[in-house]
Amino acid sequence: MNLKWYVKQFNGLTTTQLHDIYQLRAKTFIKEQDRSYQDPDNTDLDARHVFAYDQGQLVAYDEFTNMLESFRSAG
């Protein structure tokens, strides 16, 4: 396995990367974990997206948001 890692903000993602991310999220959360929720959501726009490809295939993904700001805005 030869992983190529990326860390990008939403506006730095290519359309192919965004497509791959949404496909992987749908497969993981909706199909495999049987969760039904709106995806994409508003956190995508402000999050840092961390992901890895192996031989052209997206194999890892996570997103990180500024939790401190989320707690502050919640009051």
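Predicted model, so just to flag it, every value in this text is computed and none were measured. Nothing fancy with the numbering, it's 1 onward along the sequence.
- At least one side-chain heavy atom of R48 sits less than 4.5 Å from a side-chain heavy atom of Q9.
- Within the 4.5 Å cutoff, the side chain of D62 has no heavy atoms near those of the F51 side chain.
- H49 places a side-chain N or O within 3.5 Å of a backbone atom of D44 that can act as its donor or acceptor partner.
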Item to check | Worked check of side chain to side chain contact (heavy atoms under 4.5 Å, CB included) between Y53 and W5 | outcome: CA-CA 7 Å; Y53 281 87; W5 287 93; over 6 Å; no
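- Here the CG atom belonging to D46 is positioned 10.0 Å from the CG atom belonging to N11, to the nearest 0.5 angstrom.
- Annotation: side-chain hydrogen bond (donor to acceptor under 3.5 Å, both in side chains) contacts of K4 (sequence neighbours excluded): none.
- The hydrophobic clustering, which links ILVMFWY residues whose side-chain heavy atoms are closer than 4.5 Å, places V50 and L45 apart.
- Hydrophobic clustering of Ile, Leu, Val, Met, Phe, Trp and Tyr side chains at less than 4.5 Å, counting indirect connections, unites L13 with Y22.
- In this structure, Q17 contributes its side chain and T14 its backbone to a donor-acceptor pair below 3.5 Å.
- Side chain of D20 to main chain of L58: no donor-acceptor pair is present (N/O by atom type, distance under 3.5 Å, no hydrogens or angles).
- By the side-chain hydrogen bond (donor to acceptor under 3.5 Å, both in side chains) test, E63 is found to be paired with R25, T43, Y61, residues two or more places apart in sequence or in another chain being considered.
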Next on the checklist: Is there a side chain to side chain contact (heavy atoms under 4.5 Å, CB included) between T28 and L24? Walk through the geometry before answering.
Outcome noted: CA-CA 6 Å; T28 302; L24 184 62; 4.0 Å; yes
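- At most 12 heavy atoms of other shown residues, nucleotides or ligands fall within 6.0 angstrom of atom CG in N2.
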